[in-house]
Amino acid sequence: MAECWTKLTARSKKDKFDDLCAVMCMLDSNLMIEDYSDVTVNGMYGDLIDEAILNADKDYAQASIFISEEKSPAEYASFLKERLRSIGIDAAITLESVCDEDWAESWKKYYKPIKLGKITIVPAWEDYEASDGEIILRMDPGMAFGTGTHETTRLVIELMQDRMSGNERVLDMGCGSGILAICASKLGAKSCNAYDVDPDAVKVARENVEADGAKNIVCGTSDLFDSVDLSNGKYDLILANIVADIILRMLPEMDKYLAENGKIILSGIIEPRAEEIYAALKENGYRAIEQKKENDWLAIIAERA
């Protein structure tokens, strides 16, 4: 049976927040702080910040504690209201029931097969019978990005199907779960080297590659291009499904890794950043040859100008 807590949250103006936290520590020293005053859209991964955070009132902050079932949330709330009132802090106090579930497993009930052209991404734990000509890609993303549900991943897979002729050497930068590398393999890639800066993601990718049975995929850890293997030559197709800021950092170095007639597929680009990416492509000697869009996300395929 799931264990439940009551989440007690107090919200106040920033100039009173330190005092509020001091009072809450009388109840529990393990505070969860939510203060978004320093959050901006500038900098790495800014495109992925939730709009609710970006639009939050920066003049306020809140702190929460979690009260076990054995204790009285009403008593905690009463104590907090009285103490805060006594020192002149006007705070909004809320109580919310929170149950402990096995989140690592519970999300799976919402992950269903996803059809993308001739490729269908199927959860690794689900029975699925392929129809004629259907390519099945089984995926267990674990704690890595890459289920096929996000627009950025779907856009790359669609472009790969349109543009891959087979026998390419593929480089997947920011591989996450390994979904794009496995997709490339199933679309006829000669080989695929997949890299991520996160060792946990690389572990998940290796597990998915092994489960798929692909023999032409090598996964490794790399910060940008630092550890990319060039021992077998440059790559015919480079995939970068990351975010705009990282793509902008990668483009000046990409020429060293792209074969003479190679192509690059860039994704993870939120629409307001598109002009920056197009300008950077031109500056670094590339021209866009196709763009796909879904909701506010773009993917671009480019080649040398």
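Both backbone and side-chain heavy atoms feed into the values below; hydrogens, waters and symmetry mates do not.
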(message) Given 3.5 Å as the limit, does a donor-acceptor pair link the side chain of Arg169 with the main chain of Gly233, or not?
(response) yes
(request) Output yes when a side-chain donor or acceptor of Tyr195 lies under 3.5 Å from a complementary backbone atom of Asp229, and no otherwise. (result) yes
(request) Could you tell me whether Asp255 and Arg304 make a salt bridge, using a distance below 4.0 angstrom between a side-chain N and a carboxylate O? (result) yes
(request) For side-chain contact (heavy atoms from CB on, under 4.5 Å), just list the numbers for Leu251 and Ile264, CA-CA rounded to whole Å, side-chain angles, deciding distance to a tenth of an Å, and then say yes or no. (result) CA-CA 10 Å; Leu251 279 172; Ile264 58 178; 4.0 Å; yes
(message) Under a 3.5 Å threshold, yes or no: a donor from one side chain and an acceptor from the other, between Thr120 and Glu134?
(response) yes
(request) Under the side-chain contact (heavy atoms from CB on, under 4.5 Å) rule, what do Leu237 and Leu171 come out as? Steps first, then yes or no, please. (result) CA-CA 6 Å; Leu237 178 63; Leu171 174 61; over 6 Å; no
(request) Using the salt bridge (charged side-chain N to carboxylate O under 4.0 Å, His left out) rule, collect all pairs that involve residues 260-271, keeping only residues at least two apart or in two chains. (result) Lys263-Glu303, Glu271-Lys293
(request) Compare every heavy atom of Ser227 with every heavy atom of Ser222, then report the nearest pair and how far apart it is. (result) OG-N, 2.9 Å
(request) Any chance you could measure Thr6, atom OG1, to Leu95, atom CG, to the nearest 0.5 Å? (result) 6.5 Å
(message) Less than 4.5 Å apart, side chain to side chain, heavy atoms only: is that true for Leu224 and Ile246?
(response) yes
(request) Would you kindly say whether Asn216 and Ser191 are connected by a side-chain donor-acceptor distance under 3.5 Å? (result) no
(request) Identify, with sequence neighbours excluded, every residue that meets salt bridge (Lys or Arg N to Asp or Glu O under 4.0 Å) alongside Lys190. (result) none
(request) Please name the pair of heavy atoms, one in Ala259 and one in Asp236, separated by the smallest distance, quoted to 0.1 Å. (result) CB-OD1, 3.8 Å
(request) Hey, could you give me the OG1/CG distance between Thr221 and Asp226, rounded to the nearest 0.5 Å? (result) 11.5 Å
(request) Starting at CE of Met173, measure out to OH of Tyr257 and round the result to the nearest 0.5 Å. (result) 8.0 Å
(request) List the steps, then state whether side-chain contact (heavy atoms from CB on, under 4.5 Å) holds for Leu187 with Ile135. (result) CA-CA 9 Å; Leu187 289 171; Ile135 298 174; 4.3 Å; yes
Under 3.5 Å donor-acceptor pairs involving side-chain atoms of residues 275-282, not counting sequence neighbours:
unit_1: Glu276; atom_1: OE1; unit_2: Arg273; atom_2: NH2; d: 3.3
unit_1: Glu276; atom_1: OE2; unit_2: Arg273; atom_2: NE; d: 2.5
unit_1: Tyr278; atom_1: OH; unit_2: Gln291; atom_2: OE1; d: 2.4

(request) Using modelled atom types only, decide if a donor and an acceptor are shared between the side chain of Ser267 and the backbone of Ala299 within a distance under 3.5 Å. (result) no
(request) Following the transitive rule for hydrophobic clusters with a side-chain heavy-atom cut-off under 4.5 Å over Ile, Leu, Val, Met, Phe, Trp and Tyr, establish whether Phe225 and Tyr286 coincide in one cluster. (result) yes
(message) Can you list, by chain and residue number, the hydrophobic cluster partners of Tyr128 when the side-chain cut-off is 4.5 Å?
(response) Val122, Ile136
(message) Side chains of Asp59 and Lys13, heavy atoms from C-beta outward: is any pair under 4.5 Å?
(response) no
(request) With rounding to the nearest 0.5 Å, note down the distance linking CG in Leu266 to CE in Met250. (result) 8.0 Å
(message) Please tell me whether Leu8 and Phe66 are part of a single hydrophobic cluster in this structure, the criterion being side-chain heavy atoms less than 4.5 Å apart.
(response) no
(request) Name all pairs fulfilling the salt bridge (charged side-chain N to carboxylate O under 4.0 Å, His left out) condition that reach into residues 204-223, sequence neighbours left out, sorted by first residue then second. (result) Lys186-Asp212, Lys203-Glu207
(message) Restricting to non-hydrogen atoms, name the atom on Ile217 and the atom on Cys219 that form the minimum distance, rounded to 0.1 Å.
(response) CG2-SG, 4.1 Å
(message) Is any side-chain heavy atom of Met24 closer than 4.5 Å to one of Cys21?
(response) no
(message) Assigning hydrophobic clusters by single linkage (Ile, Leu, Val, Met, Phe, Trp, Tyr; side-chain heavy-atom cutoff under 4.5 Å), is Trp5 placed with Ile67?
(response) no
(request) For residues Leu20 and Ala63, report the shortest heavy-atom separation together with the two atoms involved. (result) CD2-CB, 4.1 Å
(message) Within the structure provided, determine whether Met160 and Cys183 are in side-chain contact (heavy-atom separation under 4.5 Å).
(response) yes
(request) Answer yes or no: is there a side-chain heavy-atom contact under 4.5 Å between Leu155 and Ile157? (result) no
(request) Supply the atom-to-atom distance Glu168 CD to Cys192 SG, rounded to the nearest 0.5 angstrom. (result) 10.5 Å
(message) Are Leu230 and Val218 connected into the same hydrophobic cluster when the rule is that any two of I, L, V, M, F, W, Y join if their side-chain heavy atoms are below 4.5 Å apart?
(response) no
(message) Taking Arg163 first and then Glu290, would you say they form a salt bridge - that is, a charged N and a carboxylate O separated by under 4.0 Å?
(response) yes
(message) Within the structure provided, determine whether Asn193 and Val170 are in side-chain contact (heavy-atom separation under 4.5 Å).
(response) no
(message) Can you confirm whether Val209 sits close enough to Ile182 that some side-chain heavy atom of one is under 4.5 Å from a side-chain heavy atom of the other?
(response) yes
(request) Could you walk me through whether Ile300 and Ile265 pass the side-chain contact (heavy atoms from CB on, under 4.5 Å) test, one step at a time? (result) CA-CA 6 Å; Ile300 300 167; Ile265 298 178; over 6 Å; no
(request) Look up atom CZ in Phe17 and atom CD in Glu34, then write down how far apart they are to the nearest 0.5 Å. (result) 8.5 Å
(request) Please report the shortest heavy-atom distance between Ala274 and Leu298, naming the atom on each side. (result) CB-CD1, 3.2 Å
(request) For the residue pair Cys25 and Leu31, establish whether any side-chain heavy-atom pair is separated by less than 4.5 Å. (result) yes
(message) Using 30° and 60° as the class boundaries, would you call the ring planes of Trp297 and His150 parallel, tilted or perpendicular?
(response) perpendicular
(message) Taking Met139 as the starting point, is it possible to reach Val202 by hopping between hydrophobic residues whose side chains are less than 4.5 Å apart?
(response) no
(message) Taking the basic N atoms (NZ, or NE/NH1/NH2) and the acidic carboxylate oxygens, is any pair closer than 4.0 Å for Asp35 and Lys14?
(response) yes
Check residues 72-89 and write down every donor-acceptor pair under 3.5 Å in which the side-chain atom is one partner and the other belongs to a residue at least two apart or another chain.
unit_1: Ser72; atom_1: OG; unit_2: Glu75; atom_2: N; d: 3.1
unit_1: Ser86; atom_1: OG; unit_2: Arg83; atom_2: O; d: 2.6

(message) Tell me whether Gln161 contacts the main-chain N or O of Leu116 through its side chain, where contact means a donor paired with an acceptor under 3.5 Å.
(response) yes
(request) Identify the two heavy atoms, one from Ala205 and one from Gly176, that lie closest to each other, and give their separation to 0.1 Å. (result) CB-O, 3.6 Å
(message) If we ignore hydrogens and angles and just use 3.5 Å, is the side chain of Asn208 paired with the main-chain N or O of Asp140 as donor and acceptor?
(response) yes
